[in-house]
There are 2 protein chains.
Amino acid sequence: MSAGLKPDMFDPACPTTVMPFQIGDKWTAMVVLCLEDGPRRFTELRVPLRRVTPKVLSETLRSMERDGLINRFAYDENPPRVEYSLTPLGRSLLTLVDAARSWCTDHMDDLVAAREAYTRSA
Amino acid sequence: MSAGLKPDMFDPACPTTVMPFQIGDKWTAMVVLCLEDGPRRFTELRVPLRRVTPKVLSETLRSMERDGLINRFAYDENPPRVEYSLTPLGRSLLTLVDAARSWCTDHMDDLVAAREAYTRSA
DNA sequence: CTGCATCCGAATGGATACTG
DNA sequence: CAGTATCCATTCGGATGCAG
């Protein structure tokens with residue numbers, strides 16, 4: 001497990017990015033998905049989440065740590081190394097995230113069609 | 001079906017109100033729940049959602065209509081009467097909302113405990 | 001490398017008052 | 001009744017630069 005995260009994991013072209021779901025902060029759900037396969041380092045998370053500035057990412061991570069969704073482990077090394085991993089609580093979110101993803105894939109066409117129909121009639 | 005909506009349906013004291021989930025706009029999920037049992041009028045929705053100003057509520061409703069989640073039907077009467085109801089697409093969101101609610105009730109204690117532990121150690 | 005500090009613009013959401 | 005108009009406070013997220 002724990003293959004490298006792909007840069008296009010959350011590509012803006014991917015319609016799920018504009019889906020009407022949100023868990024916690026704007027990026028929480030994506031972080032959960034990134035950590036699904038094991039611990040990740042800060043810089044590693046920045047690969048798929050390259051539209052997130054470090055400030056916002058660290059804010060997101062800290063609030064997730066506060067809520068007990070992730071663990072933060074800082075190795076006492078130089079250069080510094082920090083790993084984030086899902087807690088059982090955070091892992092339990094995966095089913096919900098998957099449910100949301102299923103809904104998106106199932107109903108995305110409807111949603112796009114609805115928006116088009118709406119703008120046409122306007 | 002369609003008994004009156006209770007004012008305390010989304011009481012701030014209810015912990016699910018601060019849960020880390022969001023569907024669409026801030027109030028979308030609550031509107032979906034309000035419409036679960038049938039069509040509702042604008043003022044009717046304002047009862048449980050009394051913390052939402054009319055401006056924000058109408059914005060929410062319009063964006064939900066745009067996304068094909070609800071239907072808006074305006075009777076040609078005076079005084080005016082408008083009813084909102086879930087489309088099949090909007091109704092399909094109910095399973096997701098329920099999943100989110102289940103997660104909340106199942107893990108709320110963990111979440112509260114995590115926050116307390118965090119603030120204690122800080 | 002992993003973040004924190006500071007500044008800033010945009011967007012969100014709310015209060016209040018008013019209209020057809 | 002069902003909104004709209006206007007104004008405003010707060011928040012959010014991004015850019016940049018710096019520190020351990």
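None of these values were measured; they are calculated from a predicted model. Each chain gets a letter, A, B and so on, in the order the sequences are listed, and its residues count up from 1.
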Please give, in whole Å, the distance from [N] [atom2] to [X] [atom1]?
{"X": "B:Glu44", "N": "D:dG3", "atom1": "CD", "atom2": "C1'", "result": "16 Å"}
{"X": "B:Arg51", "N": "C:dG13", "atom1": "CZ", "atom2": "C1'", "result": "12 Å"}
{"X": "B:Lys26", "N": "D:dT11", "atom1": "NZ", "atom2": "P", "result": "10 Å"}
{"X": "B:Gln22", "N": "C:dT12", "atom1": "CD", "atom2": "P", "result": "11 Å"}
{"X": "A:Phe42", "N": "C:dC1", "atom1": "CZ", "atom2": "C1'", "result": "10 Å"}
{"X": "A:Leu45", "N": "C:dC1", "atom1": "CG", "atom2": "P", "result": "14 Å"}
{"X": "B:Asp25", "N": "C:dA11", "atom1": "CG", "atom2": "C1'", "result": "12 Å"}

Are the side chains of B:Ile70 and B:Ser85 in touch, meaning some heavy atoms are under 4.5 Å apart?
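Answer no - side chains too far apart.
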Which of residues 52-61 of chain B have a heavy atom under 4.0 Å from DNA chain C?
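Going residue by residue through residues 52-61 of chain B, the ones with a heavy atom under 4.0 Å of DNA chain C turn out to be B:Thr53, B:Lys55, B:Val56.
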For DNA chain C, which residues of residues 66-87 of chain B approach it to below 4.0 angstrom with any heavy atom?
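Contacting residues: B:Pro80.
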Taking it one step at a time, do A:Val31 and A:Thr28 satisfy side-chain contact (heavy atoms from CB on, under 4.5 Å)?
CA-CA 5 Å; A:Val31 171; A:Thr28 302; 5.8 Å; no
Check salt bridge (Lys or Arg N to Asp or Glu O under 4.0 Å) between B:Asp67 and all other residues, then give those that pass, not counting sequence neighbours.
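Salt bridge (Lys or Arg N to Asp or Glu O under 4.0 Å) check on B:Asp67 returns A:Arg115.
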Using the test salt bridge (Lys or Arg N to Asp or Glu O under 4.0 Å), find all partners of A:Asp98 that sit at least two apart in sequence or belong to another chain.
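If we apply the salt bridge (Lys or Arg N to Asp or Glu O under 4.0 Å) test to A:Asp98, skipping adjacent residues, the hits are A:Arg101.
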Could you go step by step and tell me if B:Trp27 and B:Leu57 meet the side-chain contact (heavy atoms from CB on, under 4.5 Å) rule?
CA-CA 8 Å; B:Trp27 310 102; B:Leu57 180 55; 5.8 Å; no
Determine whether a donor-acceptor pair (N or O, by modelled atom type, separation under 3.5 Å) exists between the side chain of A:Glu116 and the backbone of A:Ala113.
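No.
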Is the backbone N or O of A:Gly68 less than 3.5 Å from a side-chain atom of A:Thr87, with the two atoms forming a donor-acceptor pair by type?
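Indeed, once roles are kept as given, a pair shorter than 3.5 Å links the two residues.
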Going from CG on B:Leu45 to OG on B:Ser58, what distance comes out if it is rounded to the nearest 0.5 angstrom?
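These two atoms lie 11.5 Å from each other.
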Basic-acidic side-chain contact under 4.0 Å: B:Arg81, B:Glu83
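Result for this pair is yes, salt bridge flagged.
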Considering just the side-chain nitrogens and oxygens of [X], establish if one lies under 4.0 Å of OP1 or OP2 belonging to [N].
{"X": "B:Arg62", "N": "D:dT4", "result": "yes"}
{"X": "B:Arg41", "N": "D:dC1", "result": "no"}
{"X": "B:Trp27", "N": "C:dT12", "result": "no"}

Can you give the dot-bracket line for DNA chain D, using ( ) for pairs inside the strand, [ ] for pairs that cross earlier ones, | for pairs with another strand and . for unpaired bases, where Watson-Crick and G-U count if both distances are under 3.5 Å?
||||||||||||||||||||
Residues in ring-ring contact (aromatic ring centres under 6.0 Å, His included) contact with A:Tyr118, at least two apart in sequence or another chain
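Residues passing ring-ring contact (aromatic ring centres under 6.0 Å, His included) with A:Tyr118: none at all.
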Mind telling me whether A:His107 and A:Trp103 have parallel, tilted or perpendicular rings, with 30° and 60° as the class edges?
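Judged by the thresholds at 30° and 60°, the geometry between A:Trp103 and A:His107 is tilted.
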Describe the nucleic acid contact of A:Arg46 in one word from base, sugar-phosphate, nothing, applying a heavy-atom distance below 4.0 Å.
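Result for A:Arg46 = nothing.
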